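Here is the structure we will look at.
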There are 2 protein chains.
Amino acid sequence: MSVSTVSKALNDNGRMAADTRERIKTLAAQIGFRPNALAKGLLSNRSFTVGLLTNDTYGRFTLPVMAGISEALVDHGVSVFLCAIEDDPALGKIHVDAMLDKQVDGIIATGKRVDRSLPVDLAGLPVPVVYAFTKGEPGSVTLTSDDRHGATLATEWLKELGRQRLVHITGPREFVSAVERAEAFRTVAGNGAPVLHGVWSEAWGHEAIDRIWKEGGERPDGIFCGNDQIARGVADALRERGARVPGDVSVIGFDNWEIMAAQTRPPLTTIDTNLKELGREAGLMVLALAEGRAIEPGLRRLPCKLVIRDSCGGGRQQN
Amino acid sequence: MSVSTVSKALNDNGRMAADTRERIKTLAAQIGFRPNALAKGLLSNRSFTVGLLTNDTYGRFTLPVMAGISEALVDHGVSVFLCAIEDDPALGKIHVDAMLDKQVDGIIATGKRVDRSLPVDLAGLPVPVVYAFTKGEPGSVTLTSDDRHGATLATEWLKELGRQRLVHITGPREFVSAVERAEAFRTVAGNGAPVLHGVWSEAWGHEAIDRIWKEGGERPDGIFCGNDQIARGVADALRERGARVPGDVSVIGFDNWEIMAAQTRPPLTTIDTNLKELGREAGLMVLALAEGRAIEPGLRRLPCKLVIRDSCGGGRQQN
DNA sequence: TCAATATGGGAAAAGGTTTTCTCAGGAAGA
DNA sequence: TCTTCCTGAGAAAACCTTTTCCCATATTGA
């Protein structure tokens with residue numbers, strides 16, 4: 001029995017007697033034969049491997065994205081190298097070099113914000129690159145979640161619940177996503193609706209409420225927060241001031257960071273950014289590019305999703 | 001110039017004129033020559049690749065461990081396949097098969113608790129396996145953090161601060177780590193010191209304080225919590241009852257989950273479980289095994305570390 | 001000047017798989 | 001019965017390195 005016959009039998013290739021094929025297959029299964037992916041890759045120029053580059057230390061973004069990528073690619077026999085490069089250009093280069101040495105079929109670059117790029121240059125690489133939640137070079141394929149859409153969803157939900165005096169408490173102006181969410185908020189809530197920029201922390205949520213209360217003007221009855229941490233700070237601060245959530249004030253977050261949103265008192269209604277789906281798309285795209293299929297370059301914004309818990313009142317289920 | 005000469009030049013192998021070697025090296029650098037790791041692996045039977053298996057969805061444990069592994073291995077040119085298998089045996093098998101096909105040099109299995117094993121059988125694999133934070137088969141190499149040590153550190157710190165009436169609020173009895181921490185707590189605090197088992201959530205922290213206050217007995221002045229989430233719930237509940245933290249009560253957590261511990265009011269003094277270091281060790285061990293060096297089998301417990309923030313008072317810096 | 005030795009470079013095999021090409025033998029048609 | 005065609009299986013090349021072995025040339029000593 002020659003090597004080539006076996007190969008053809010196992011891959012359903014070439015002409016051969018049906019029973020020979022069967023015989024080979026069962027025998028191979030019996031002895032637990034595993035084709036060596038290295039040899040296969042050497043020949044086919046495909047390693048069935050992609051690299052995932054990230055500078056997200058806590059993995060709040062990375063892990064869901066990673067899960068999506070992996071889920072999409074495992075069906076195609078593709079495995080994922082995860083490389084955390086922090087913000088270290090040298091480390092980034094080392095990891096990219098290692099990926100290239102290992103003949104990855106493509107690279108997915110992820111970060112924490114779409115208006116900053118990773119500390120490593122991925123232009124002109126011999127393999128396709130897809131950017132997710134991080135800035136790519138001009139003409140690249142980039143994925144992010146649709147901040148305007150999410151913010152619109154959130155603000156409309158507050159209005160739908162009958163809230164009139166809306167406020168947006170969010171992160172720094174330097175973040176494009178903060179700005180876009182704020183713009184969408186004002187589009188829905190009215191141009192005069194107040195927007196407070198601060199940092200992305202719980203403490204800032206407290207402080208913002210403190211500031212609003214001290215100002216003494218009309219108090220808001222609906223607060224859209226730039227992320228779940230701020231929302232948590234806001235919810236706590238309101239409770240401490242005797243304002244009931246959601247009785248007196250509806251609070252809505254952003255990110256649907258489970259572990260944060262679900263443990264807040266009350267559990268946060270928030271906007272899910274569909275990170276897993278984003279990962280899945282990124283995986284399929286890099287795979288398509290690796291196989292030579294063309295992908296229209298440019299920035300793709302994936303829709304968000306309203307997740308209803310208790311912090312806004314209401315309770316109509318959405319999907 | 002023959003292929004073999006180039007190979008020898010680049011690997012500092014074989015006999016050759018020094019200037020020939022130099023000439024080849026500079027030329028190779030110029031044209032950006034990259035040896036194909038697949039071909040190298042095919043020949044050497046080493047892929048310089050390890051697989052990391054995890055069922056930790058939120059990545060609270062996985063990512064720090066992963067970072068440690070990667071950091072330790074990148075110096076040896078080894079890359080890491082990350083495979084999230086949830087609790088799905090079928091998915092686990094698919095990923096393990098994919099790893100084996102790709103000729104990984106070894107596998108690191110991680111989970112969330114050392115008394116449960118992953119839903120996949122890793123015994124009898126043709127590559128070495130190291131277990132971290134998950135249960136391995138008898139005779140395997142397993143790493144975990146030293147729960148007794150951490151709990152001892154925490155309890156001693158409370159005593160050192162002059163706290164007398166200590167309570168331990170922690171997770172379910174079914175977790176070995178909860179039991180071990182509780183035992184160590186009682187060893188230091190006295191056998192009669194109360195231990196409240198519940199779940200690993202913030203809500204349980206609230207409820208436990210509620211229960212203690214309602215019981216109306218002598219109130220604790222030092223509370224050791226089984227994790228940072230419980231500690232957060234405890235701190236919040238105490239504040240709401242007018243007990244000052246750390247003025248009246250010292251609260252100490254466990255895990256040093258940055259994002260949770262640092263945002264608590266007040267920021268939590270807690271026990272760091274050294275996950276990154278654990279990852280590093282796991283990486284070096286699997287590498288050693290892959291290279292044929294022997295590693296004594298058994299369970300290794302890595303020491304913990306006290307991280308002082310504000311929730312206990314005191315302020316002596318430790319390392 | 002010749003022989004022996006040292007030195008530098010090349011040829012070839014090996015690693016495991018796929019694919020193309022070739023060949024032998026059998027079956028069917030004339 | 002002979003020829004033609006088809007079918008099934010094997011041989012060989014290719015993928016890219018590394019390593020061992022060998023050969024040619026140069027150098028040195030007699």
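Lettering follows sequence order; numbering is per chain, from 1. What you see is a predicted model; the values in this text were computed from it and never measured.
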Inset, instruction - State whether E180(A) and R301(A) are salt-bridged, where the test is any N-O pair (Lys NZ or Arg NE/NH1/NH2 against Asp/Glu carboxylate O) under 4.0 Å. - result: yes

Legend entry - Note: R113(B)-D115(B) ion pair, threshold 4.0 Å (strictly below): yes

Inset, instruction - For the pair K25(B) and D19(B), find out whether any cationic side-chain nitrogen is under 4.0 Å from an anionic carboxylate oxygen. - result: no

Legend entry - S47(B) side chain near K102(B) side chain, heavy-atom distance below 4.5 Å: no

Side-chain donor-acceptor pairs of residues 281-299 of chain A under 3.5 Å, sequence neighbours excluded:
unit_1, atom_1, unit_2, atom_2, d
E291(A), OE1, R293(A), NH1, 2.4

Inset, instruction - Just report the end-to-end axis angle for the helix from dT1(C)-dA30(D) to dA30(C)-dT1(D), five pairs per end, to 10 degrees. - result: 60°

Inset, instruction - Could you tell me from which nucleotide to which nucleotide of DNA chain C, 5' to 3', there is an atom under 4.0 Å from chain B heavy atoms? - result: dT7(C) to dG16(C)

Inset, instruction - Give S44(A) one of three labels, base, sugar-phosphate or nothing, depending on what nucleic acid heavy atoms sit under 4.0 Å from its own. - result: nothing

Inset, instruction - List the protein contact pattern of nucleotides 14-22 of chain D with one symbol per nucleotide (5' to 3'): B for base contact, S for sugar-phosphate-only contact, - for none; contact means a heavy-atom distance under 4.0 Å. - result: BBBBBB---

Legend entry - Check: I259(A) and W257(B) side chains under 4.5 Å, non-hydrogen atoms: yes

Legend entry - By salt bridge (charged side-chain N to carboxylate O under 4.0 Å, His left out) - contacts of D105(A) (at least two apart): R46(A)

Inset, instruction - Fit a plane to each ring of F175(A) and W200(A), take the angle between them on a 0 to 90° scale, and name the class: parallel (under 30°), tilted (30 to 60°) or perpendicular (over 60°). - result: perpendicular

Which side-chain N or O atoms in residues 117-131 of chain B pair as donor and acceptor under 3.5 Å with protein atoms at least two apart or in another chain?
unit_1, atom_1, unit_2, atom_2, d
D121(B), OD1, A123(B), N, 3.1
Y131(B), OH, E137(B), OE1, 2.5

Legend entry - Under-4.0 Å salt bridge between D56(A) and R60(A): no

